[in-house]
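One-based numbering along the sequence shown. Atoms considered below: every heavy atom in the structure, side chains included; atoms not considered: hydrogens, waters and symmetry mates. None of these values were measured; they are calculated from a predicted model.
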Amino acid sequence: MLNRVLVLAVACALSTGAFALSKPEPDLCAVVPGAQPRLPAKLLEGQGVTDMQVTTQSPQARAFFNQGVSQLHSFWAQEAERSFLQAAEYDPGMAMAYWGMAVAAAGDHRSSFQLMRSSNEGGRKNATSESEIARSANGAALDGQIRAREYIAKAMSMRGAVSARERLYIEAQAARRDPESKNPDADFIAGMRKLVAAYPDDLDARSFLGLVLLYGYEEPSKKPRPGTLEGIAFLEGVVAQNDNHFGAHHYLIHAYENSKTPEKAWHSSERYPQMVNNIPHALHMPGHIYIQSDRLDDAVASFTVAGANELSYINADPAYPNGHHGHNIHFLIHALGIEGRYAESLLQAQSLLSFKETPRERSGDNQRVTWRQGHFSLIKTLVRFERWHEILDGRTIPIYDKPEQQALRAWAMGLAHSALGNPVAAKASLDEMHAAISKAKATVNVLRIAELELQGTLAVRASEVHKGEKMLADAALKESSLIYQEPPAYPRPVAEGWGSVALSVKDFAMADRAFAEALVLEPGSGRAYLGRSKALAGLGKSSESASMLQKARVAWNHADVELPETAALRVVSTASLAEPVK
């Protein structure tokens, strides 16, 4: 039986003309995401300055090693692995180069709360079993976690020639890669604690430990999970000692996102991209904080600059992965939607749809590939701006034969039919959505919430107000209890749609409560301020309504002028303008 290395080599030879046979699938030779990057690496500007002391006699190996550490600090795993590989080319006996390769290849050098997500939504995957290891022609495992295990085994075999501090780094990473361990992440944390205790002045070690202790916050209470506050203490101690440690600043941004106090990361959000100005993720990350703390213009600026930076890499290298670009632009669309910028949101969603799926992506369930993020973002934009006719025109939303996309499209169509007064067609869309969800393999929790929201919307508009609002309340609670994703996994707050439906049936008290909840989820939302203004006016609270209208006017100072909502914002009375914004 041919081994899989030979199969891959023969297939690539066929596609490149070495054998005069029919052409195979267009991406047959393309390595899977996470596979070992190719050399040579280059020393790049704007990666951040790191000076980890490691054992080597080669200045070139030292330079590439430290570049790799800098890239690790920015989660740029593929380029970090490339830099460490290059270091090993210059010094094959450099044990710490293999340590770095292991950290980069595994794909889990992130905060612990980021590793809690399901694999088909962009999270952590289990390593392939040893009997099924696929390898590229140079023998490197395609599965990054297997490659990491093999790298760290190499480092362990060489650890007798390095310092005691380096040995602790290597042994901690080996503990994380031990397939026999019952809790490898806990073993890794124990190893890093030992390292930090022995070398308290090693700021990189303290930063790495702080990062892995970040378990995030409970939903919906935002209560810190065990470990999070300790991780923050480590990271704040690092930047207090050295404000130039960009890795700790990066990790602090993650530490405070989705918390009750995202503004505590404003300083890190300013410092991090100043020190690392040529890695897309470094330019992107401040937007996570700004969008959660009512600094939407700054969030849009962060995502825009990051997108341009990443496109420069994509355009320079056809093999450069585009997944993070999709994530960044998806987040940009999210910010633009909150700001009331429909035209640009639509343009950016269409730009993501220009990244066609490869056959490998097409056959998989991962919802984080760029085209699928574009499809999600398009529906998100159309629903958020209530473009009901575009949703129903049969052209604007691409028809796609995957159940996740079918379900979301049916959800949007159901909302559109309901809003336009066609309950029979809306119910047919609900049935179509239910059938698609039964076949879905990813994002099922999100889709079930959307189904419940649509059911509640139909009930309210069918004069079953109490029943419908109970469903909408349940959907909103389930949405708020979803594990944190960035951007949010739900297209737009349930509370926002709930508020609009409540306004349509003149339940102004319910509308006011719903839009108030939407503002908790999306601080600075002009749409939610405007909704509250209408609800308060319906309740006869003219002064409070005028105050909310003025807040909406300030929040949507960049909104598209032709939106139906912006017409109301231009009609602000002299009395409301004179009234202080509360």
Side-chain angles (χ1 to χ4, degrees), residues 291 296-297 299-300 303 329-353 373-398 405 408-422 426 429 450 453-454 457 461 479 487-504 511 514-515 518-519 521-535 549 551-570:
I291 205 168
L296 291 168
D297 288 350
V300 168
F303 300 138
I329 299 303
H330 181 185
F331 228 140
L332 173 60
I333 292 165
H334 182 63
L336 292 169
I338 298 173
E339 281 209 307
R341 296 165 67 173
Y342 171 73
E344 192 172 352
S345 296
L346 191 63
L347 185 66
Q348 294 293 347
Q350 290 168 342
S351 79
L352 293 184
L353 290 171
Q373 290 193 70
H375 191 273
F376 182 91
S377 298
L378 175 63
I379 291 176
K380 171 182 187 143
T381 297
L382 293 170
V383 169
R384 167 152 271 180
F385 286 89
E386 300 186 349
R387 296 293 175 129
W388 308 131
H389 294 289
E390 287 91 333
I391 289 171
L392 297 175
D393 66 14
R395 301 184 307 274
T396 302
I397 301 176
Q405 283 69 39
L408 200 62
R409 181 174 179 271
W411 170 73
M413 293 179 68
L415 292 175
H417 284 307
S418 176
L420 295 175
N422 192 342
S429 293
E453 180 193 352
L454 180 53
T457 298
R461 287 212 169 102
E479 178 206 358
Y490 203 74
R492 56 92 177 91
V494 170
E496 185 175 288
W498 181 7
S500 293
V501 173
L503 282 178
S504 73
F515 283 119
L519 278 166
L521 296 172
E522 294 183 342
S525 169
R527 187 177 289 102
Y529 283 133
L530 184 57
R532 287 205 70 193
S533 176
K534 292 177 180 178
L549 189 61
K551 288 184 178 183
R553 190 167 186 257
V554 172
W556 269 21
N557 63 325
H558 294 311
D560 293 0
V561 295
E562 69 276 11
L563 294 178
E565 297 94 326
T566 55
L569 299 182
R570 291 193 291 272

Y529 vs R553, side-chain contact (heavy atoms from CB on, under 4.5 Å): CA-CA, chis, key distance, verdict = CA-CA 9 Å; Y529 283 133; R553 190 167 186 257; over 6 Å; no
Atom pair [atom1] ([X]) and [atom2] ([Y]), whose distance is rounded to the nearest 0.5 Å:
X	Y	atom1	atom2	result
I291	I338	CD1	CD1	4.5 Å
H389	R387	NE2	CZ	10.5 Å
I333	F303	CD1	CZ	11.5 Å
N422	R461	CG	CZ	12.0 Å
S525	R492	OG	CZ	11.5 Å

Does D393 have any salt bridge (Lys or Arg N to Asp or Glu O under 4.0 Å) partners at least two apart in sequence or in another chain, and if so, which?
-> R395
Identify, with sequence neighbours excluded, every residue that meets salt bridge (Lys or Arg N to Asp or Glu O under 4.0 Å) alongside E565.
-> none
Please test I397 against M413 for side-chain contact (heavy atoms from CB on, under 4.5 Å), starting from the C-alpha separation and ending with a verdict.
-> CA-CA 10 Å; I397 301 176; M413 293 179 68; 5.6 Å; no
Evaluation steps, side-chain contact (heavy atoms from CB on, under 4.5 Å), between W411 and I379 = CA-CA 9 Å; W411 170 73; I379 291 176; 4.2 Å; yes
May I ask you to test the [X]-[Y] pair for a side-chain heavy-atom distance under 4.5 Å?
X	Y	result
T396	I391	no
I329	S377	no
R527	E522	no
L563	W556	yes
V383	P491	no

Indicate the atoms forming the closest heavy-atom contact of [X] with [Y], along with that distance.
X	Y	value
L296	G524	CD1-O, 3.7 Å
S418	A426	N-CB, 3.8 Å
A511	G499	CB-O, 3.7 Å
L549	S533	CB-OG, 3.5 Å
A528	L519	CB-CG, 3.6 Å
L392	H417	CD2-NE2, 3.4 Å

Please report, to 0.1 Å, the donor-acceptor pairs under 3.5 Å made by any side chain of residues 343-350, with sequence neighbours excluded.
residue : atom : partner : partner atom : Å
E344    : OE1  : R341    : NH2          : 2.9
S345    : OG   : R341    : O            : 2.7

Quick one: list whatever passes side chain to side chain donor-acceptor pair (under 3.5 Å) with H558, sequence neighbours left out.
-> D297
Cation-aromatic face contact R384/Y342, 6.0 Å, 45 degrees = no
Mind running side-chain contact (heavy atoms from CB on, under 4.5 Å) on E453 and E479 for me, showing each step along the way?
-> CA-CA 10 Å; E453 180 193 352; E479 178 206 358; over 6 Å; no
Whether H334 side chain and P488 backbone form a donor-acceptor pair below 3.5 Å | no
Under 3.5 Å: donor-acceptor pair, side chain of S504, backbone of V501 | yes
By ring-ring contact (aromatic ring centres under 6.0 Å, His included) - contacts of Y490 (at least two apart) = none
Residues in ring-ring contact (aromatic ring centres under 6.0 Å, His included) contact with F376, at least two apart in sequence or another chain | H330
